[in-house]
Protein chains: 2
Amino acid sequence: MNQPPGSLPVYLQIVELLVRDIAANRLIDGEKLPPEREMAAEMGIAVGTLRKALAELQSRGLLERVQGSGNYVRAISDPQSVYAMFRLELIGGGGLPTAEVLDIERLAKPSGLPDFGSSAEAHRIRRIRRLSGKPAALEEIWLDGSYVEAIDTNDLSESLYLYYRKRLGLWIVRAEDQVGLGKVPEWAPPVFGQPKGAPVPLVTRASQAQDGARAEVSLTWFDPEIARYVARLR
Amino acid sequence: MNQPPGSLPVYLQIVELLVRDIAANRLIDGEKLPPEREMAAEMGIAVGTLRKALAELQSRGLLERVQGSGNYVRAISDPQSVYAMFRLELIGGGGLPTAEVLDIERLAKPSGLPDFGSSAEAHRIRRIRRLSGKPAALEEIWLDGSYVEAIDTNDLSESLYLYYRKRLGLWIVRAEDQVGLGKVPEWAPPVFGQPKGAPVPLVTRASQAQDGARAEVSLTWFDPEIARYVARLR
DNA sequence: AGGAATTTGTGCGTATGTATC
DNA sequence: AGATACATACGCACAAATTCC
C-alpha cells in the first residue's frame, strides 16, 4: 500500500478508520479485534504499521492491548459521559498538547464572566490546541490587566504558565472548573472541526494565583470527538 | 545488546538513561542530541529501538523532535516550577496513567478534610498511580458513604469514574484543586520513590457531583521527579 | 497440572520519503 | 541543488504473556 505524496501516513489513516468505527459503534466497548497479523494482511499493510496505529489508539484511551491475549476496544458508548467526565488537562492523554496563539488583545472585561482581578481591562488570549496536529480545542484566556501592560505573541511561544511565572512572577495554585455545553465561537478558525454555533463541550475555569487573587478566567471549547476519547481516562 | 530475562526492555533502559541525564543537567535545555544513527551505533542498539525511546521522551515533554533537523532537549531546569505549575491530570502527558488499588475501607470521616457528603462515614480508597510502570503518585480518595454500602476492590478494576457512573449513577461535573506541599504518607508502599515524611507536591481536590453535592475529596501525593516532567506541559 | 498453540511485545536491519540546513 | 537527519514502512526472528486443550 503505497501512497500518493502529500496524503496522510498509512498508520494515521488506519487510526482514523478505527476511530470512525468506534465512534459509529461498529466497534463496541469490550470487543476484541482480530489478531494483528490477520488484520494487517487484510488491510494490505505491514504488521509494524498496524501496530503503530494501535499504539496511537491505546494512547488515546480507545484501546486496551494485552500481550498474549488481544486488542480490546475501550470506549464509552454513552455519549452523555462525554460531557460529564472529561477534564481539560486529560486531553494530554493523546500526546503532547500544543498551543498556538491566534491573537492577543487588551480589552475591557466583558460581562458574563466570573469576577476576577482588580483591573477594568484584561488581556484576551485566543489559542488553538492540537493533539497530534489535529485541532482539539479552542481557548480564550482572560488575564487580568493589572499584571502587565502588554503581552507580545512571542512571549507565549513556550508555555503560558511559564510566561506567567518567569515574566509576571505569577503562578496558579487553585482552579475551579465548570463543565457544560457551549457554542462554537464566531472567531473559530476554519480548521476547527465543528460548524460555528454547534453545541460542544465547554469548560469554564477560574484560576487563583498564589497571592489569593483570581488572576484569570478561561473558556475552552472542545471538539466533541476529541472530548470523547478523553472521557474514559481515570 | 541482548538482555538477561526479567530486566527492563532496552528501549525503556534508554529512556531511563536519558531521563537521568536530563534530570542531572548533563543534558541541558535546548541541547541537540547526536544523529539517531550515530547514537544508536554508539549504544550498540538498532535505530528503531532508539527511536522508540526518543518517542517516549517526546511524549513526556522532555524532547522535541524535528524532522530534518534533530532531537532537542526540552526540560525545565528550575525546580521551583515543580510546585507551581503542575496539575493532577497533566500526568496523563507521560502515557496512559494506570491506577492500582491498594485497599478500600469504610471509615468515619477524618477531621481536617473539607466537608463533603451527608454521611458520617466515607469509603477511603488508596491507589498507586504509575506512568510507564513507574510509581508516580499516591492517591487517597474519600467517597461519601451515602452512595453505596460497600465497595469491592474488583469493582474498580477499570476506572474509578466509570464505576461511579455505571454503578452509582454519579458523575463529577466540577472540581476544585488546591496545590501545596505535603508529607509522604505513612502508608506509602516501598515502591514510592520518596522517603516517608519527605515533602512532596500535594493536590487536594473537592469534587462536586451532578446533583450539586460534594461527593468526594481526594488527596494526591506526587513523586517530585515525576511532577517535574509534568510541569512544562501547557 | 502441564504443555502446545495463539497472540502481542521487543528488537533488528533496510529501503524510501520528506523536511531542514 | 546537494547533504543531512528524522519519518514512514516493510519483514523477520525471538521473547513473553495468555489461552486452550
Side-chain angles (χ1 to χ4, degrees), chain A residues 1-18 27 30-59 62-74 95-96 98 130-134, chain B residues 1-18 30-59 62-74 95-96 98 100 130 132-134 157:
Chain A
M1 185 197 256
N2 266 1
Q3 41 180 336
S7 69
L8 217 57
V10 173
Y11 80 94
L12 285 181
Q13 292 181 34
I14 305 298
V15 166
E16 297 307 318
L17 187 74
L18 294 172
L27 290 174
E31 184 162 348
K32 181 176 174 175
L33 297 182
E36 296 178 350
R37 282 169 176 77
E38 193 176 309
M39 275 183 84
E42 218 163 283
M43 295 174 166
I45 61 174
V47 181
T49 304
L50 175 63
R51 283 178 58 75
K52 189 158 184 181
L54 297 178
E56 173 65 27
L57 287 172
Q58 180 182 41
S59 84
L62 280 175
L63 203 64
E64 189 177 345
R65 313 186 64 195
V66 185
Q67 181 175 167
S69 178
N71 294 298
Y72 302 87
V73 175
R74 286 284 174 262
L96 198 66
T98 65
R130 296 169 188 275
L131 278 175
S132 317
K134 195 182 172 200
Chain B
M1 187 197 255
N2 265 0
Q3 39 180 335
S7 70
L8 219 55
V10 173
Y11 81 94
L12 285 181
Q13 291 181 35
I14 305 298
V15 167
E16 297 306 320
L17 186 74
L18 294 173
E31 184 161 349
K32 182 176 175 176
L33 298 183
E36 295 178 351
R37 281 177 172 75
E38 194 175 309
M39 273 184 84
E42 221 164 281
M43 296 174 164
I45 62 174
V47 182
T49 305
L50 175 62
R51 282 180 57 76
K52 191 160 182 180
L54 297 179
E56 173 65 27
L57 287 173
Q58 181 181 41
S59 83
L62 282 175
L63 203 63
E64 187 176 344
R65 314 186 63 197
V66 184
Q67 180 176 172
S69 178
N71 294 299
Y72 302 86
V73 176
R74 286 283 173 264
L96 201 64
T98 65
E100 173 192 335
R130 297 170 187 274
S132 316
K134 196 182 172 200
S157 59

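Throughout, a chain's letter reflects where its sequence line sits, starting with A, and its residues are numbered from 1.
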Participant: Which of residues 33-40 of chain A sit near DNA chain C, with a heavy atom under 4.0 Å from it?
Facilitator: P34(A), P35(A), E36(A), R37(A)
Participant: Which one of K32(A), E31(A), R65(A) satisfies the side-chain hydrogen bond (donor to acceptor under 3.5 Å, both in side chains) criterion with N71(A)?
Facilitator: R65(A)
Participant: dC10(D), dT8(D), dT8(C): which one has an atom nearest the side-chain heavy atoms of A46(A)?
Facilitator: dC10(D)
Participant: Looking for any heavy atom pair under 4.0 Å, which part of the strands does G70(A) touch: base, sugar-phosphate only, or nothing?
Facilitator: sugar-phosphate
Participant: Might you list the N or O atoms of the protein lying below 3.5 Å from N or O atoms in nucleotides 19-21 of chain D, with each pair's distance?
Facilitator:
none

Participant: Going by side-chain hydrogen bond (donor to acceptor under 3.5 Å, both in side chains), name the residues that satisfy it together with R51(A), two or more places apart in sequence or in a different chain.
Facilitator: E36(A)
Participant: For V66(A), answer base if it contacts any base atom (sugar-phosphate contacts may also be present), sugar-phosphate if it contacts only those atoms, and nothing otherwise; contact means non-hydrogen atoms under 4.0 Å.
Facilitator: sugar-phosphate
Participant: Would you check if L63(B) and L18(B) make a side-chain contact, meaning some heavy-atom pair closer than 4.5 Å?
Facilitator: no
Participant: Of all residues at least two apart in sequence or in a different chain, which pass the side-chain contact (heavy atoms from CB on, under 4.5 Å) check with A46(A)?
Facilitator: T49(A)
Participant: Could you tell me how far apart Q67(A) (CD) and dA5(C) (C1') are, to the nearest whole angstrom?
Facilitator: 15 Å
Participant: Compare side-chain N and O positions of N71(B) against OP1 and OP2 of dA5(D) and report whether any pair is under 4.0 Å apart.
Facilitator: no
Participant: Rounding to an integer number of Å, can you tell me how far L54(B) CG sits from dA7(D) C1'?
Facilitator: 13 Å
Participant: Using five base pairs at each end to define the local axes, how bent is the helix from dG2(C)-dC21(D) to dC21(C)-dG2(D), to the nearest 10°?
Facilitator: 10°
Participant: Mind checking side-chain contact (heavy atoms from CB on, under 4.5 Å) for Q67(A) and listing every partner two or more places apart, or none if nothing turns up?
Facilitator: none
Participant: Could you tell me which residues satisfy side-chain contact (heavy atoms from CB on, under 4.5 Å) with P34(B), sequence neighbours excluded, listed by chain and number?
Facilitator: E38(B), M39(B)
Participant: Quick one: which of dC12(C), dG9(C), dA9(D) gets closest to the side chain of R65(A)?
Facilitator: dG9(C)
